[in-house]
Amino acid sequence: MPKLNENYQNLKESYLFSEIAHRVGAYTAAHPDKEVIRLGIGDVTLPLGSMAIRGLHSGVDAMADPGTFKGYGPEQGYLFLRNAISGYYARNGVCVDPEDIFISDGAKSDTGNISELFDADNIILIPDPVYPVYVDSNLMSGKTITYMSGNAENQFLPMPDRHIHADIIYLCSPNNPTGAVYNKSQLKEWVDYALENEAVILFDSAYEAFICDPGLPRSIYAVEGAKKCAVEFCSLSKTAGFTGTRCGYTVVPRELKFKCSDGRELSLHAMWNRRQSTKFNGTSYIIQKGAKAVFSPEGMAQCQENIRYYQENARLIADTLARKNIPFFGGIHSPYIWFECPDGMESWQFFDYLLGHAQIVGTPGAGFGQNGRCYFRLTAFGSHENTKKAMERFEALF
Ligand code: MLT
């Protein structure tokens with residue numbers, strides 16, 4: 001009989017977004033006549049830009065021709081895409097060597113898989129509230145988590161506590177779920193703290209394309225010294241609408257070296273490369289051709305246009321909450337708006353209330369941690385029409 005990984009028993013029964021889909025499915029089955037508006041999971045609704053489509057087509061055509069056909073690709077990704085991503089970083093004022101970039105099928109897999117590189121005997125700091133993947137992937141491998149409180153007082157941006165030692169720190173900015181963004185001096189505090197503690201920061205920047213203030217850092221590598229202490233995860237899901245197409249990238253600088261128990265230095269880059277070469281056969285060539293086209297000037301302009309569309313929705317949601325005097329965070333440099341549940345409701349209670357009374361699906365804050373118990377998240381990724389309709393219903397309800 002196999003001995004099972006009983007750490008799975010420490011997880012919540014189902015993944016947050018599966019639970020939401022389940023509840024919404026039950027509601028729509030019971031009320032087939034009601035029109036439900038989904039502002040729950042952060043999934044895009046606009047189609048891919050024409051440049052991405054053209055890139056994907058060129059990849060398909062290459063597969064049909066014996067002269068350009070591709071079999072297994074490099075596990076780290078094709079250099080044409082790694083160069084394009086390095087160029088994207090450079091345009092944002094950050095220098096990242098293409099050799100340090102690993103192409104993947106998205107930030108979710110990489111932020112989950114990276115925990116394999118670390119022993120269970122580490123002090124792991126994770127903010128609460130937080131994207132559940134960081135928590136679940138550590139619990140699955142039997143690791144212990146120390147939570148850092150994000151709350152209204154610290155604007156949901158926990159800062160390092162110099163009295164506490166950490167080995168591994170998860171940060172996400174712009175934040176999922178709160179939409180809060182670290183400024184450069186706050187990120188510098190984190191980098192300084194990590195360097196002092198010889199810790200590693202696992203920095204999720206999947207929402208960086210939503211930052212509209214050029215003074216805010218879109219990458220942790222905008223901070224000096226970060227290459228010695230930080231891994232960065234990014235994704236085309238929200239930047240270019242690739243949630244269903246799947247492509248992301250992770251930067252593991254070769255400067256990242258840590259001592260192992262016998263005193264030798266190990267390179268995290270070499271370990272991640274080893275892990276990916278063993279367990280991953282690379283992102284499909286066709287997808288990488290589409291991704292490369294995203295980083296062309298025209299491709300980027302198309303992404304910006306879609307992001308502006310979603311930002312307009314975020315503004316609409318934020319204005320509605322402001323009119324109702326409901327305190328909220330995010331919605332400016334982020335597609336997420338995070339607000340206090342009205343009338344003292346708890347978040348799952350509010351989820352059911354909003355679904356039942358206004359047929360709006362959001363995400364209960366409790367799904368992101370204890371500190372989200374009385375908060376709720378709406379996404380700006382719907383259509384204008386649906387977002388407007390949802391806000392009219394919301395306004396009529398409160
Ligand atoms: C979310 O809604 O939090 C995201 O869509 C989840 C994800 O990106 O995996």
Side-chain angles (χ1 to χ4, degrees), residues 11-12 14-24 36-46 104-115 126-138 140 150 156 170-181 202-210 232-250 283 291 303 306-307 310 313-314 317 329-331 333-339 347-348 351 354-355 360-369 371-372 375-383 386-387 390:
L11 302 171
K12 288 194 183 135
S14 64
Y15 182 61
L16 172 62
F17 295 106
S18 318
E19 173 62 27
I20 291 173
H22 175 74
R23 288 197 190 203
V24 175
V36 170
I37 300 177
R38 292 161 204 270
L39 305 179
I41 190 162
D43 196 2
V44 295
T45 48
L46 292 172
S104 71
D105 66 348
K108 182 180 188 176
S109 334
D110 283 3
T111 52
N113 291 331
I114 195 94
S115 74
I126 299 188
D128 173 351
V130 80
Y131 180 40
V133 173
Y134 318 151
V135 171
D136 286 0
S137 56
N138 278 290
M140 281 171 180
F156 289 97
Y170 284 80
L171 297 177
C172 176
S173 176
N175 188 266
N176 179 12
T178 67
V181 191
L202 303 176
F203 189 78
D204 185 347
S205 66
Y207 298 90
E208 55 81 25
F210 279 79
E232 181 161 287
F233 305 90
C234 203
S235 162
L236 273 75
S237 285
K238 316 294 153 99
T239 304
F242 268 47
T243 51
T245 310
R246 308 305 310 148
C247 190
Y249 49 96
T250 292
T283 304
C303 292
N306 286 2
I307 287 171
Y310 296 131
N313 289 343
I317 299 171
F329 296 84
H333 306 290
S334 157
Y336 296 130
I337 295 95
W338 175 254
F339 60 96
S347 65
W348 277 110
F351 174 89
L354 203 58
L355 181 58
I360 301 169
V361 180
T363 309
F368 300 103
N371 283 6
Y375 282 86
F376 205 72
R377 193 193 79 177
L378 289 177
T379 134
F381 284 123
S383 66
N386 279 347
T387 309

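Both counts, for ligands and for their atoms, begin at 1 and track the order of listing.
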Tell me the closest heavy-atom pair linking [X] and [Y], and the distance in Å.
X      : Y      : value
Ala380 : Ala314 : CB-N, 3.6 Å
Gly40  : Arg377 : O-NH2, 2.9 Å
Tyr15  : Pro132 : CE1-CG, 4.0 Å

Sorted by chain and residue number, the side chain to side chain contact (heavy atoms under 4.5 Å, CB included) partners of Ala209 (sequence neighbours excluded) come out as Tyr88, Arg218, Thr239, Ile307

> Once the angle between the rings of Tyr375 and Phe156 is folded into 0 to 90°, is it parallel (under 30°), tilted (30 to 60°) or perpendicular (over 60°)?
Replying inline: perpendicular

Any side-chain heavy atom of Tyr170 sitting closer than 4.5 Å to one from Val130?
no

Original post:
Which protein residues have a heavy atom closer than 4.0 Å to any atom of ligand 1, listed by chain and number?
Top reply: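 Residue list for ligand 1: Phe17, Ile41, Gly42, Tyr131, Asn176, Tyr207, Lys238, Tyr336, Arg377.
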
